[in-house]
Asks: 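Mind having a look at this structure? Questions to follow.
In this chain, numbering begins with 1 at the start of the sequence shown.
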Amino acid sequence: MPSSLIRRYLLALDRYKWPALASWLGVIGLSTVVALQPPPPPSYRSEGILVINAPVVALTTTGPEVQQRGQGIISREFLLADVLLEQVSQELANRNMPLSPQAIREATTIRLDGEDDTVQQVGVAFQGPTADQAQAVLDLLLEGMVELSRVTNRSRLRAIITALDDRLPAVEADLRTAEQALETYDRQEGPAIQAALDGSLLGAISGGQQQQRQNQLTLAGLESQIQSLQRQLGLNPGEALTASALSADPIIAQLRAQILQTETQIQLLAPTLREVHPTMQELRTNLAAYNRLLAERASEVIGGEDLAALPNVSEVRQRSALDPARSALANQLVLLSNEREALLRQQQILAQADGQLRQQYSSLPNKQLERERLAQQVARTQSLYDQIQIRRIDAEAAEAETVSSLTIAQPPATVLQPQDTTSPVVVLALGVVMGTLVAGAVVFLLDLLDGTVRTADALEAIFRDQDIPVLGVIPPLPKASHQRHPVLTLATQSSHLASYEDLRTNLRRSPNRPDSSQPIKVVLVTSSRDQEGKTTTVMNLGIAAARAGRRVLIVECDLLYPSHGTALGVKPPPEAVSSPRRYYAGYPSDPVQMVPQVENLYMAPAPGPQSQSAAILESSEMHQFLTSARARFDLVLLDAPPLSRNNNALTLAAEADGLVLVSRTDYTEKVVLEAILEELLEMEDIVVLGAVVNAARESTPMPVEVGPPPAYPADLETAAATPEPARPSSIDFF
């Protein structure tokens with residue numbers, strides 16, 4: 001692992017040598033500038049000490065409290081307030097020592113010493129170019145800080161007095177309101193509360209109940225007497241009153257006598273005189289008049305409302321004919337009835353009064369609580385009013401006792417500051433060391449930010465984490481000037497043939513093959529992106545398998561670009577580009593071509609470029625072609641497009657026995673590769689046989705051929721010398 005990290009760092013250093021060199025030179029230049037700086041001018045430092053004032057004997061409580069609070073606000077911001085610095089700057093200008101407030105603030109150092117967040121001592125220091133200036137500035141600062149503390153304490157007292165004065169009228173108004181509410185309540189409910197307290201309310205309730213019981217007994221006696229008189233007279237009290245009134249009236253008695261006399265005459269004359277006789281008519285007229293007069297007089301005596309009880313004159317005559325004894329009984333019945341009515345009315349009044357008294361008695365606790373609440377409100381408001389008055393008087397008296405919370409314990413002392421000079425050689429040496437460290441850190445950070453996998457060990461670790469076997473680790477291949485791909489294995493004694501032989505053997509024994517009893521015949525070779533060596537791997541693997549005696553067919557399936565078959569000396573016929581379906585169907589000729597100089601190796605070059613490559617790969621012609629190729633050849637290698645470009649490789653996966661993923665150091669991106677591996681492993685219908693790592697510089701170097709390039713047939717040399725159409729920069733070769 002350490003050697004792998006060192007190799008990775010050396011590779012990163014080779015990639016980022018110019019940023020590292022720029023960082024190193026920048027630090028060296030900065031250290032050179034620092035080393036060439038002239039020595040600083042002499043500096044004088046003046047120091048003084050302020051301490052907290054000890055508690056003083058005071059006649060007030062507000063003064064020491066304000067002073068203690070003033071000690072609690074001591075800080076650098078408070079001691080170097082803008083108003084203090086303005087005053088010091090103005091005084092220095094008067095002494096011909098101009099210095100701005102900001103310059104004073106920057107040259108002043110404050111040290112606060114104490115325990116438990118309590119400041120006990122303040123160290124003040126000022127650094128200036130001359131001793132006189134440093135001494136004068138610190139003298140003014142210390143005196144100003146002491147005076148600032150005293151003024152702050154006095155302003156706090158004045159603020160307290162102002163706040164109390166602002167609050168006092170409202171508290172006084174609340175006190176008057178509470179007192180008026182208590183006075184009004186006592187005036188309204190005081191008698192009831194006092195009556196309950198001295199027992200008169202209970203006496204009134206008991207007296208009322210006793211009077212009601214006595215009235216009930218009296219009513220019972222009256223009821224018995226009234227009922228007895230009613231049985232004797234046969235009249236109720238109202239009828240007895242009417243009869244008594246009618247019997248006592250002399251006019252009614254006179255009219256009754258005249259009516260009786262007239263009726264007697266009518267009775268006497270009726271046998272001898274007819275009804276039409278003038279005397280009889282006069283008597284009947286007189287009788288009618290007397291009856292009318294009797295009714296009118298009865299109405300006047302007893303009132304019109306009671307006439308309903310006297311339906312006719314005969315009833316009036318009957319009721320008015322009471323003898324003295326019955327008249328006396330009727331009068332007694334009326335009196336008893338009136339007395340009963342009076343007692344009943346009295347009972348109603350007593351019951352109403354008893355209810356009111358009982359309600360007053362039941363509400364007495366609430367009234368007492370309400371009065372206590374009002375009294376407590378008055379007491380609280382009065383207490384607050386008294387406290388404000390006391391605090392106000394105390395604060396006014398404390399103004400005379402106000403002192404500063406600070407005092408000068410040590411006057412300013414000015415000394416010359418020693419100059420800390422560093423040798424330019426030491427500064428340059430430190431610059432070299434720091435530049436080296438910074439350059440190394442820049443290389444390390446740039447390497448961390450780079451998502452490209454740079455070493456073969458890192459690629460193998462990624463595949464190992466996904467349980468994908470590494471079938472081959474291929475060292476960098478040299479490329480001749482006349483070749484588009486480094487197909488070194490065309491030579492019989494190629495030094496890289498062993499790497500592809502190992503790849504062929506490992507592929508045949510892959511632990512991920514779907515059926516261990518059946519050989520792998522159709523292999524789909526793809527990569528995560530362009531320029532990872534996919535096509536070169538297919539060509540060299542095909543050559544290695546062909547030289548091992550197997551009948552091998554290479555099928556180019558990347559139809560978006562022209563064929564790479566010129567590297568092996570083959571190319572598609574011109575009519576294949578215009579009719580790709582007929583081309584794979586075998587019309588007018590078989591797309592399979594034999595590769596010159598390599599026995600048992602055949603190739604089906606791609607009829608590209610084709611805009612509808614996916615449709616061609618999914619066509620029935622392509623399916624029949626691959627089915628026929630599986631039967632005709634021992635090994636079929638499908639050179640598929642990269643997975644990050646399109647899904648054509650996944651379309652061909654159903655035709656293959658498994659998939660081989662090609663990667664390459666300095667080109668493969670870690671994030672893209674891991675995403676593709678996760679996607680492939682989630683697909684149950686795709687078998688990942690293994691992976692190939694190209695350009696593995698960490699591998700043991702193998703001797704490279706130094707002889708002349710291999711001989712090619714005439715048509716291959718012609719194809720290699722003929723320039724191909726321009727292709728995008730993402731051509732798959734290295």
Asks: Please examine the side chains of Leu459 and Leu673, heavy atoms only from C-beta on, and report whether any two atoms are closer than 4.5 Å.
Replies: yes

Asks: Report yes if some heavy atom in the side chain of Leu650 is under 4.5 Å from a heavy atom in the side chain of Leu680; otherwise report no.
Replies: yes

Asks: Would you give the length of the straight line joining atom CG of Leu568 to atom CD1 of Ile543, rounded to the nearest 0.5 angstrom?
Replies: 5.5 Å

Asks: Could you report the tightest heavy-atom contact between Ala656 and Leu638, atom names first, then the distance?
Replies: CB-CD1, 4.4 Å

Asks: For Val453, is there any backbone N or O sitting under 3.5 Å from a side-chain donor or acceptor partner on Thr665?
Replies: no

Asks: Among Leu541, Thr505, Asn506, find the one that has a side-chain contact (heavy atoms from CB on, under 4.5 Å) with Leu471.
Replies: Asn506

Asks: Can a salt bridge be assigned to the pair Asp657 and Lys521 using a cut-off of 4.0 Å between side-chain N and carboxylate O?
Replies: no

Asks: Is the count of non-hydrogen atoms from other residues, nucleotides or ligands lying under 6.0 Å from Met683 atom CE greater than 12?
Replies: yes

Asks: Any sub-3.5 Å donor-acceptor pair from Ser628's side-chain atoms to Phe625's backbone N or O?
Replies: no

Asks: Measure the shortest side-chain to side-chain distance between Ser528 and Leu643 over non-hydrogen atoms and say whether it is less than 4.5 angstrom.
Replies: no

Asks: Would a 4.5 Å heavy-atom cut-off, applied to side chains only, mark Tyr561 and Pro641 as touching?
Replies: no

Asks: More than 12 heavy atoms of other residues, nucleotides or ligands under 6.0 Å from CD of Glu674: is that the case?
Replies: yes

Asks: Can any side-chain N or O of Lys534 pair as donor or acceptor with the backbone N or O of Ala640 at less than 3.5 Å?
Replies: yes

Asks: Is the closest side-chain heavy-atom distance between Leu503 and Asn540 below 4.5 Å?
Replies: no

Asks: What is the minimum heavy-atom distance between Arg76 and Leu112, and which atoms define it?
Replies: N-CD1, 4.3 Å

Asks: With a 4.5 Å cut-off on side-chain heavy atoms, are Val552 and Phe633 touching?
Replies: no

Asks: Taking C-beta and beyond as the side chain, do Arg582 and Glu621 meet within less than 4.5 Å on heavy atoms?
Replies: no

Asks: Treating Asp634 as the side-chain partner and Arg551 as the backbone partner, does any N or O pair qualify as donor plus acceptor under 3.5 Å?
Replies: yes

Asks: Looking at Ala695 and Arg664, what are the two nearest heavy atoms and their distance?
Replies: CB-CG, 4.0 Å

Asks: Could you check whether any side-chain N or O of Glu599 sits under 3.5 Å from a backbone N or O of Ala546, counting only pairs where one atom can act as donor and the other as acceptor?
Replies: no

Asks: Under 3.5 Å, is there a donor-acceptor pair between the side chain of Asn512 and the main chain of Ile468?
Replies: no

Asks: Starting at CG of Leu677, measure out to CZ of Phe463 and round the result to the nearest 0.5 Å.
Replies: 6.0 Å

Asks: Indicate yes or no for a side-chain donor-acceptor contact from Ser563 to the backbone of Pro572 under 3.5 Å, with no hydrogens or angles considered.
Replies: no

Asks: Looking at every heavy atom in both Glu532 and Asn694, which two are closest together, and how far apart are they?
Replies: O-ND2, 3.1 Å

Asks: Could you give the distance from CD (Gln127) to CD (Glu106), rounded to the nearest 0.5 Å?
Replies: 12.5 Å

Asks: For Val692 and Val525: C-alpha separation, side-chain torsions, deciding distance, then whether side-chain contact (heavy atoms from CB on, under 4.5 Å) applies.
Replies: CA-CA 10 Å; Val692 177; Val525 182; over 6 Å; no

Asks: For a side-chain contact (heavy atoms from CB on, under 4.5 Å) with Glu655, tell me which candidate from Arg630, Met622, His623 qualifies.
Replies: His623

Asks: Starting at CG of Leu689, measure out to CZ of Arg509 and round the result to the nearest 0.5 Å.
Replies: 14.5 Å

Asks: Is a side-chain donor or acceptor of Glu556 paired with a backbone partner of His564 at a separation under 3.5 angstrom?
Replies: yes

Asks: Backbone N or O of Tyr667 within a donor-acceptor pair of the Arg529 side chain at under 3.5 Å?
Replies: yes

Asks: For the pair Leu637 and Val660, evaluate side-chain contact (heavy atoms from CB on, under 4.5 Å) and give the outcome as yes or no after the intermediate values.
Replies: CA-CA 10 Å; Leu637 300 177; Val660 174; over 6 Å; no

Asks: Answer whether the closest heavy-atom distance between the side chains of Tyr587 and Ser579 falls below 4.5 Å.
Replies: no

Asks: Checking Arg547 side chain against Glu501 main chain: does a donor-acceptor pair fall under 3.5 Å?
Replies: no

Asks: Apply side-chain contact (heavy atoms from CB on, under 4.5 Å) to Val592 and Arg632, showing your working.
Replies: CA-CA 11 Å; Val592 176; Arg632 294 168 56 189; 4.3 Å; yes

Asks: At their closest point, which heavy atom of Gln610 faces which heavy atom of Ala576, and how far apart are they?
Replies: NE2-O, 4.2 Å

Asks: Show the nearest heavy-atom pair for residues Pro469 and Ser510, with the distance to one decimal.
Replies: CG-OG, 4.4 Å

Asks: What's the verdict on side-chain contact (heavy atoms from CB on, under 4.5 Å) for Asp558 and Asp639, showing C-alpha distance, side-chain angles and the deciding distance?
Replies: CA-CA 7 Å; Asp558 191 354; Asp639 185 8; 5.8 Å; no

Asks: Hey, what do you get for CD (Glu618) to OG (Ser613), rounding to the nearest 0.5 Å?
Replies: 9.5 Å

Asks: Rounded to the nearest 0.5 Å, what separates atom OG1 in Thr526 from atom CG in Leu661?
Replies: 6.5 Å

